Structures are given as structure tokens and as C-alpha cells.
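None of these values were measured; they are calculated from a predicted model. Every chain is numbered from 1, with letters handed out A, B, ... down the list of sequences.
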Amino acid sequence: MDNMDVAALLEDLAVLLELKGENPFKTRAYTNGARVIENLTTPIKNLVHEERLGELKGFGDALQSKVSELVRTGSMQYYEDLKQSIPKGWLEMLHLPGLGPKKVRLLHQELGIDDLSALKQACEADKVAAIKGFGPKSQQKILEGIQFREQYASHHRLDKALVMSQSLLEILRQWPEVIRSSEAGSLRRRKEILHDIDLLVSSRQPQIIIDAFTQLSSVEKILAKGDTKASVILQGGVQADLRVVEDQSFPFALAYFTGSKEHNIVMRRRAIERGLRLNEYGLFRSQEETRDMSLCVTCHEEADLFRALDLAYIPPELREDSGEFEAASNGEVPRLVEWTDMKGSLHNHSDWSDGRETLEDIVQESLEHGFEYWAITDHSASSFQANGLKPERLRAQISQIRDLNESLRQQGTGFQLLSGSEVDILSDGSLDYDDDLLGQLDIVVASIHQGFTQDKEQLTHRFIRAAQHPHVHMLGHLSGRLLLEREAYSIDHQSILEACASTGTWIELNANPYRLDLDWRWWKRARDMGVKCVINCDAHHRDHAAFLRLGAEHARKGWLRREDILNTLPLEDLKEALKTKRRMAGLLD
DNA sequence: GCCGTTTTCGGCCCGACTGTTTTCAGTCG
């Protein structure tokens with residue numbers, strides 16, 4: 001049971017407590033505990049065995065004994081009892097708009113409703129509207145919520161949300177009443193999965209903005225509409241929230257609506273500690289509620305707000321209450337990688353396996369993007385479903401790439417194709433090509449494409465064996481997750497990271513928007529262990545070069561700097577880095 | 001459930017919006 005498992009269980013526990021109607025601060029204690037463990041750089045089991053859980057912030061007697069029990073025995077009685085006592089359907093009901101823990105429990109008490117289908121029936125039979133505290137509108141809203149869930153997903157991938165938010169912002173920016181505008185919320189924090197799109201604008205005429213926004217042709221349904229705030233469902237089923245504030249309040253509102261919720265709580269606490277009061281309108285020199293801007297600390301930009309709270313500027317991606325406050329108060333906020341630092345991608349496909357373009361097309365595309373290098377790493381023979389290359393075809397490809405590079409050199413482009421393979425890690429952890437052939441490649445990415453059903457121990461062993469191989473430069477899409485489609489397979493991340501750290505094996509950050517794998521939650525720890533990152537497009541199509549930007553943003557969320565990422569290196573330095581592991585194994589001079 | 005250089009008990013971030021009430025609770029972010 002690793003840190004992420006423990007954190008996830010505490011998170012579940014908090015939701016159950018909420019449904020139970022427990023004291024919200026008790027609930028928060030468990031949520032906080034989850035966050036602390038998620039951000040721990042040491043394995044939780046070490047702390048348990050050394051009896052040092054009490055050193056963690058927010059860990060009193062209860063959390064210490066419960067987490068200790070969980071780590072030692074693999075389960076927690078308190079959690080199991082709680083889960084037993086709460087019907088499974090309550091969790092689904094909680095996700096409906098307008099239903100919180102109190103109303104879910106009320107539905108159970110009054111009508112014995114414990115799941116969505118019973119709730120739907122009760123609404124259709126007009127029974128819900130009769131409950132005290134509900135009414136016809138609540139009943140209608142619940143019914144629509146259930147229908148919406150049947151029709152659309154409630155969560156969306158970042159890439160899809162980015163496209164929609166960009167086009168909305170372009171529209172908003174054309175309106176003369178709009179002064180400043182920005183994306184906000186989890187989108188601005190670049191979470192990989194989003195519930196909705198948050199937008200913020202400043203204006204002297206909020207009403208005009210709200211009216212125009214709710215009348216956009218892309219709006220399918222208006223969920224809420226007030227003087228300064230509106231929520232809509234866009235075509236395609238994505239929810240978008242717009243908030244309008246006065247321009248003076250814009251930096252405060254931007255910080256506030258960017259969140260995260262946990263980050264904001266700490267920001268407010270810092271304000272209180274300084275005798276100030278922070279909300280979306282300002283940072284006020286008053287403990288009382290006020291909108292009097294003459295009492296507001298002057299801030300033109302978000303950075304001014306952080307400064308007023310004795311903090312360095314915290315990039316939005318880091319605002320998860322995951323160590324950013326400690327870093328920002330000690331002047332240790334890392335200078336995060338920029339997507340423009342990227343020099344190329346080291347894991348990509350061509351029409352030799354399952355990619356779309358020829359090598360010549362790929363060269364042309366790379367030159368247009370201004371990349372310094374681009375690796376061709378087609379599938380190996382065992383991935384026959386992807387037209388994987390048998391050894392003789394790979395040899396032919398190596399030779400063709402050599403010829404292409406020669407003509408590129410004569411043209412003086414400075415660009416180079418690198419020859420490689422995304423070689424399958426077979427069921428026993430061995431590789432799909434022999435060492436002689438692997439040794440002829442510039443780049444070897446080792447990935448798993450079959451045998452997902454093996455248990456955690458076997459899968460972990462496969463990756464570790466691959467990492468120990470002297471010709472393997474990096475492990476590809478480690479967790480195998482496909483966002484909103486396929487769960488990650490079960491692996492022991494910590495052991496794999498340790499194997500990579502000790503062998504000098506890099507780990508890929510696969511920038512395909514379905515993958516974003518390895519996940520940002522692991523990168524800070526990986527970095528601290530000395531594991532280097534490679535941001536790869538895993539391109540199968542010319543459009544996929546754009547993933548590099550998404551990948552760099554995900555890396556930022558994982559606290560990575562330019563120097564943590566191999567493919568920010570210029571070509572010659574990269575070539576040297578590619579030799580290190582082979583040198584260590586005595587395969588090169 | 002946690003925490004304390006005002007506190008070992010009484011706090012714990014803050015405001016908009018909705019729907020159901022008649023002054024506000026619940027939800028949401």
C-alpha cells in the first residue's frame with residue numbers, strides 16, 4: 001500500500017463522513033491528512049514503522065492510529081464499518097447538482113431512497129417535491145441532473161476543455177465592456193480531468209456581460225444566472241461558469257477562482273494572521289466584512305497579492321496546497337519548465353508501424369516546428385496489432401534514417417532524426433529485441449503493451465527488469481492509464497522509481513492527453529529521488545507534436561524544472577546523456 | 001479531528017446563488 005493508496009482511502013473516508021453528517025471540521029481533518037500523505041516524499045510505511053506519523057502536520061492521535069492500522073494490516077476497521085453503514089448509491093446521488101449530504105440523507109429518511117433509479121422513480125411520481133425543504137423546482141432539477149448524467153459525462157479531459165475555453169475567451173475579449181479576462185479554476189491549474197470551465201472577467205457593466213454570455217449560441221442550457229455570475233451547459237455537455245468583478249478586484253478574484261479550495265484556505269489563514277481579510281473582492285485592512293476599496297491593500301496583479309502575504313509568486317499549476325506555501329515563503333519556488341524549452345520528442349511513431357506519416361513527412365513537420373531532433377520509436381515485433389517491426393525491418397529503418405540524416409546534414413539544417421524503438425517489455429520482463437540490435441539504436445523506450453492482467457508484483461518486476469537493462473533509456477507510459485477510459489494497472493511506483501534512480505533510467509511523461517502518464521502527483525518525488533523526466537508526444541500523427549505543450553504544462557504541475565527534463569537539452573548534450581547508461585555498463589569507452 | 005506566544009476549549013475561510021420560506025439553510029466552488 002503506497003502513499004497514493006492511503007491518501008485515496010482517506011479521501012473516500014472524508015466523503016463518507018460528510019454523508020454521515022459528521023462535523024465538517026472532522027471531515028476536513030481527514031481530507032487534510034490525505035493531502036499531507038499525497039505530498040510526502042518518503043514512503044508512508046517507513047514513517048509508520050519508525051512511529052513518526054505524529055510529526056506530520058494535522059496528525060493527532062486518531063489519524064496516527066488509523067493510518068498506522070491501515071498501513072500495517074492493509075485495512076482500517078473504522079473505514080470498513082463506515083462503508084458498510086452507508087448505501088453505495090448515496091455517493092452517486094451526492095454528485096447530482098443541488099444534492100449535498102443533508103439532502104441525500106433527507107431523501108433516505110423520508111422516502112427510503114438509496115440509489116439513482118429509486119430517486120428517479122420518486123421524482124417522476126411527484127413524491128420528492130412534497131418533502132419539506134424540497135419543492136417542484138428541486139425535483140425538476142434532480143430529474144434533469146439524472147437525465148444529464150445518462151446523456152453526458154460529468155468529467156472532461158483537459159485538452160477538450162482547453163479548446164472550448166480558448167474559443168469562449170476569444171469571444172469575451174471582443175466585447176467592449178470586458179476589461180480583463182482569464183481562465184480560472186482547475187483548468188488554469190491544468191488538472192488533467194475537469195468538472196467544468198471557469199472564466200473570469202472584469203467589467204463596469206456585469207449585467208451586460210452575463211446577459212450576453214448566457215445568450216451565446218454555444219450555450220445549451222442555463223443552470224444559474226445572477227447579477228455577477230452565471231453557469232451554463234455548453235453544447236457537448238461541458239459546464240462553464242463565468243464570474244464578473246470590478247477591475248480593481250480582478251487580481252483577488254483571479255487568485256480566488258483559480259483555487260484550489262485547499263490553497264485558498266491557507267491564503268485566507270495567512271491574511272487573518274496578518275490582521276487582514278481576504279475574499280474575491282480584495283485584501284482588506286479590517287476584520288469586519290467590507291467592500292470598501294479604500295481599506296483594500298493595493299494589488300494590480302496576482303503577484304502583488306502573494307507579496308502582500310509575504311509569499312513569492314506561486315504559479316497556478318502548483319496551487320494544490322502541496323508544499324507551495326513552504327517553498328514560496330522560503331524563496332524556493334522552482335523556476336518551472338516552459339514549453340518553449342522543449343527541443344523535440346523522444347518517443348514517436350511513423351508509418352513503419354502504426355503512425356500516419358512517412359519519415360520524410362515527419363522531418364518536414366519537425367523543421368517547421370523548429371525542433372532540434374525527433375526520435376522515431378516504432379513498435380517492436382510483439383506488438384503485431386500495431387504492425388510492430390521485425391528485426392530485419394528495424395535494421396532497414398535504421399539505415400534509411402541514417403541516409404535521411406546525411407542529406408539533412410548536407411542541407412545544413414542542424415536538425416536530426418534519432419533512430420529508436422518503443423520495445424515491448426515481454427511477460428517475463430525481457431525485451432522484444434536482442435542486445436545487439438538494441439545497441440544499434442539511439443533511443444530505447446521500454447513499454448508494456450500486453451499482459452496487463454498480471455498482478456502488481458509481476459508487473460512491477462517487469463518494469464524493474466527493464467530499468468536494469470543497460471540499453472533501456474527510459475520507461476514509457478508507466479501506469480498505462482487512459483483518462484476517463486481505462487484505469488491504471490496496479491504497480492509499485494516507489495520500487496520502480498528506486499530502480500530507475502539507481503540505474504540512471506529515465507521515465508517518460510507521455511504527453512498524449514489521454515495518458516499524461518506518469519502523473520504529476522509522482523513527479524516531485526521522482527525528481528527528489530534523482531529520476532529524470534522525458535516529455536514525449538508518442539506522436540502517431542502530425543498534429544500530435546502539439547502535445548509537447550500539454551506535456552510541459554503537466555510537468556510544471558509536477559514541479560519540474562528545465563534541468564529535470566532531458567529533451568530540453570540541445571542535440572549534442574542529449575547525445576552525450578544517451579550514452580551515460582551504456583558507459584556505466586562498460587558497453588562504451 | 002486538530003490545535004494553541006491571546007486559548008487545553010472553542011474555534012476552525014468566505015461569499016453567491018437557489019429554492020423554499022417569511023429570515024434562511026443548503027449547496028457550490
(request) Answer with base, sugar-phosphate or nothing: what part of the nucleic acid does A:Asn279 contact at a heavy-atom distance below 4.0 Å? (result) sugar-phosphate

(request) Measure from the side chain of A:Lys137, starting at C-beta and using heavy atoms only, and say which of B:dG29, B:dG1, B:dG19 lies closest. (result) B:dG19

(request) Using the C1' atoms only, state how far B:dG1 lies from B:dT5, rounded to an integer number of Å. (result) 24 Å

(message) Assess whether a salt bridge exists between A:Arg481 and A:Asp519, defined as any Lys/Arg side-chain N lying under 4.0 Å from an Asp/Glu carboxylate O.
(response) yes

(message) Would you say A:Ser68 and A:Arg72 are linked by a side-chain donor-acceptor pair, where the criterion is simply a distance under 3.5 Å?
(response) yes

(request) In whole angstrom, give me the gap between the P atoms of B:dT20 and B:dG15. (result) 26 Å

(request) Please confirm whether any donor atom in the side chain of A:Asn23 sits under 3.5 Å from an acceptor in the base of B:dG1, or the reverse. (result) yes

(request) Salt-bridge test for A:Asp247 and A:Arg180: reply yes if a basic N is under 4.0 Å from a carboxylate O, no otherwise. (result) yes

(request) Kindly state whether the ring of A:Phe325 and the ring of A:His263 have centres lying under 6.0 angstrom apart. (result) yes

(request) Could you check which of B:dG15, B:dT27, B:dG29 has an atom nearest any side-chain atom of A:His195? (result) B:dG29

(request) To the nearest Å, give me how far apart CG (A:Leu63) and P (B:dC2) are. (result) 5 Å

(message) Side chain of A:Pro101, heavy atoms from C-beta onward: which of B:dG29, B:dC2, B:dT27 has the nearest atom to it?
(response) B:dT27

(message) Taking the minimum atom-to-atom distance to the side chain of A:Ala224, which one of B:dT27, B:dG15, B:dC17 wins?
(response) B:dC17

(request) Please measure how far the P atom in B:dT21 lies from the corresponding atom in B:dG29, and state the result in whole Å. (result) 24 Å

(message) Of the options B:dC17, B:dC2, B:dG15, whose atoms approach the side-chain atoms of A:Ala62 most closely?
(response) B:dC2

(request) Determine the contact category for A:Phe257: base if any of its heavy atoms lies under 4.0 Å from a base atom, sugar-phosphate if only primed atoms, P, OP1 or OP2 are that close, otherwise nothing. (result) nothing

